[in-house]
Amino acid sequence: MKGLKKKRRIQVILVAFIALAGSTALIGYAMRDGINYFRAPSDVVAEPPAERETFRIGGLVEEGTLVRGQGETITFSVTDGGASVQVSYTGVLPDLFGEGQGMIGTGNLVDGVFVAREILARHDETYMPKEVMDALKEQGVYQDPAESGS
């Protein structure tokens, strides 16, 4: 009888371990597309990611680079002051999107051009995403809106 209890306990522990491992694997599989790393334009130029890798890029929309193509295709360059990356986006841009403004895009790098699936822009004149602000500070081109009198 004692051996049977021990055997049952081991079986329950083994089944619990298998269930835990299975649920962890399912959660990891479900999250594989939801985790996107942020990269500054300087990081993308220094170490270009694989074409299949989805990531987020952010910085300032470079002055004079915003070109509206045929239909809804828009191209522009995003910079962090150290490097620029060409961006292509098909869709409707946010209302506050413009040259010299902060943005974050999600997509892939294809032949040196970042093909964005989603573009996010600032939501007021003083807001800038933390990742973009950090990248601009790293390059020495960040200007605090409170100090510049905006």
Report summary line: Between S42 and A83 the two heavy atoms that sit nearest each other are OG-N, 3.6 Å

Query raised in the report: Could you go step by step and tell me if I119 and F76 meet the side chain to side chain contact (heavy atoms under 4.5 Å, CB included) rule?
Result: CA-CA 12 Å; I119 298 284; F76 58 92; 4.0 Å; yes

For the atom pair [atom1] ([X]) and [atom2] ([Y]), what is the distance rounded to the nearest 0.5 Å?
| X | Y | atom1 | atom2 | value |
| --- | --- | --- | --- | --- |
| L60 | D80 | CG | CG | 8.5 Å |
| R68 | L93 | CZ | CG | 5.5 Å |
| T106 | I57 | OG1 | CD1 | 10.5 Å |
| L66 | Q101 | CG | CD | 11.5 Å |

Query - Pairwise side-chain contact, V78 with M103, heavy-atom cut-off 4.5 Å (strictly under) - result: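 With C-beta onward as the side chain, the pair touches.
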
Query raised in the report: Does the side chain of L109 reach to within under 4.5 Å of the side chain of F55, using non-hydrogen atoms?
Result: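 Yes, their side chains come closer than 4.5 Å.
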
Query raised in the report: More than 12 non-hydrogen atoms from neighbouring residues, nucleotides or ligands closer than 6.0 Å to CD on E47, yes or no?
Result: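 No, CD of E47 has 12 or fewer neighbouring heavy atoms, counting only those of other groups under 6.0 Å.
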
**Report entry** Common cluster, V115/F97, ILVMFWY with side-chain heavy-atom separation under 4.5 Å
**Finding:** no

Query raised in the report: Taking only residues two or more places apart in sequence or in another chain, which ones pass side-chain contact (heavy atoms from CB on, under 4.5 Å) with E51?
Result: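 If we apply the side-chain contact (heavy atoms from CB on, under 4.5 Å) test to E51, skipping adjacent residues, the hits are V110, D111.
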
Residues 84-92, side-chain donor-acceptor partners within the protein, below 3.5 Å, at least two apart:
unit_1: S84; atom_1: OG; unit_2: E62; atom_2: OE1; d: 2.9
unit_1: S84; atom_1: OG; unit_2: E62; atom_2: OE2; d: 3.3
unit_1: Q86; atom_1: OE1; unit_2: S77; atom_2: OG; d: 3.2
unit_1: T90; atom_1: OG1; unit_2: T73; atom_2: OG1; d: 3.3

Requested in this report: Go through E53 and R39 one step at a time and tell me if the side chain to side chain contact (heavy atoms under 4.5 Å, CB included) criterion holds.
Outcome: CA-CA 12 Å; E53 181 183 344; R39 297 176 190 260; 2.5 Å; yes

Query raised in the report: Given T54 and R117, is the side chain to side chain contact (heavy atoms under 4.5 Å, CB included) satisfied, shown in steps?
Result: CA-CA 10 Å; T54 299; R117 287 192 308 269; 3.0 Å; yes

Requested in this report: Could you work out the complete set of other residues in the hydrophobic cluster of F17, with links drawn between I, L, V, M, F, W and Y side chains under 4.5 Å apart?
Outcome: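 In the cluster with F17 there is nothing else; it is isolated.
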
